[in-house]
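Structure first, then comments.
Atoms considered below: every heavy atom in the structure, side chains included; atoms not considered: hydrogens, waters and symmetry mates.
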Amino acid sequence: QVQLVESGGGLVQPGGSLRLSCAASGSTFTVYRFTYYAMGWYRQAPGKQRELVAAITSGSNTNYADSVKGRFTISRDNAKNTVYLQMNSLQPEDTAVYYCNADGRGAVVFPTSLRRDYWGQGTQVTVAS
């Protein structure tokens, strides 16, 4: 139905930048546009719960966790079925596995079977000197 593949993670020094990408594909997009999905980036650090980092709606409204406001920017390219997370001024506390999420639960045009969310496999971001 929907597959999400993240890329762009890696090791970066404090103060550095990374850009994560999440490419969506699958049979759903033969019928429904990528724009119907609200997209989000989450992260999970060792021993901690998964938390929302940033989200962007189908109308491109955005919201961010307080800890990343002013440093991270989420964006989407609907023509490429891709969502991005630009991360600047990275700090060691940003170290985590970052997951992409596609949320179709609010898409009224979807049949019930498609009103669900999907997760990518995650990409590791490590901020260390």
When the side chains of residues 4-14 are checked against the rest of the protein, which donor-acceptor pairs come out under 3.5 Å, sequence neighbours left out?
{"unit_1": "Glu6", "atom_1": "OE1", "unit_2": "Gln121", "atom_2": "N", "d": "3.0"}
{"unit_1": "Glu6", "atom_1": "OE1", "unit_2": "Gln121", "atom_2": "NE2", "d": "3.3"}
{"unit_1": "Glu6", "atom_1": "OE1", "unit_2": "Gly122", "atom_2": "N", "d": "2.9"}
{"unit_1": "Glu6", "atom_1": "OE2", "unit_2": "Cys100", "atom_2": "N", "d": "2.7"}
{"unit_1": "Glu6", "atom_1": "OE2", "unit_2": "Gly122", "atom_2": "N", "d": "3.2"}

Report summary line: Between Ser17 and Ser89 the two heavy atoms that sit nearest each other are OG-N, 4.3 Å
Query raised in the report: Which heavy atom of Leu52 sits nearest a heavy atom of Ala55, and at what distance?
Result: CD1-CB, 4.2 Å
**Report entry** Arg116 bridged to Asp103 by N-O distance under 4.0 Å
**Finding:** no
**Report entry** Linked, directly or transitively: Val83 and Leu18 (ILVMFWY side chains, under 4.5 Å)
**Finding:** yes
Requested in this report: To the nearest 0.5 Å, tell me how far Leu20 CG sits from Ile74 CD1.
Outcome: 10.0 Å
Report task. Report the distance from atom OG1 of Thr28 to atom CD of Gln1, rounding to the nearest 0.5 Å. Result -> 5.0 Å
Query raised in the report: Can you check whether Val125 reaches Met87 side chain to side chain, under 4.5 Å on heavy atoms?
Result: yes
**Report entry** Flag side-chain contact, heavy atom, 4.5 Å: Ile56 against Asn61
**Finding:** no
Report task. Take Gln86 and Phe72 through the side chain to side chain contact (heavy atoms under 4.5 Å, CB included) test and state the conclusion after the steps. Result -> CA-CA 5 Å; Gln86 177 67 44; Phe72 291 10; over 6 Å; no
Requested in this report: Compute whether any side-chain donor of one residue and acceptor of the other, for Tyr98 and Arg43, lie under 3.5 angstrom apart.
Outcome: yes
**Report entry** Check: Gln124/Thr126 side-chain N/O donor and acceptor closer than 3.5 Å
**Finding:** yes
Query - Inter- and intrachain pairs under salt bridge (charged side-chain N to carboxylate O under 4.0 Å, His left out), touching residues 78-87, at least two apart - result: none
Report task. Please examine the side chains of Cys22 and Trp41, heavy atoms only from C-beta on, and report whether any two atoms are closer than 4.5 Å. Result -> yes
Query raised in the report: Any sub-3.5 Å donor-acceptor pair from Arg76's side-chain atoms to Thr57's backbone N or O?
Result: yes
Requested in this report: Determine the interplanar angle of the Tyr118 and Tyr37 rings, folded into 0 to 90°, and report it as parallel if under 30°, tilted if 30 to 60°, perpendicular if over 60°.
Outcome: perpendicular
**Report entry** Residue pair Lys69 / Tyr64: nearest heavy atoms and the distance that separates them
**Finding:** CE-O, 3.4 Å
**Report entry** Short side-chain to backbone donor-acceptor contact, Arg115 and Phe110, under 3.5 Å
**Finding:** yes
Query - Sub-4.5 Å side-chain heavy-atom contact between Phe34 and Phe29 - result: yes
Query - Distance (rounded to the nearest 0.5 Å) between Arg105 CZ and Leu114 CG - result: 14.0 Å
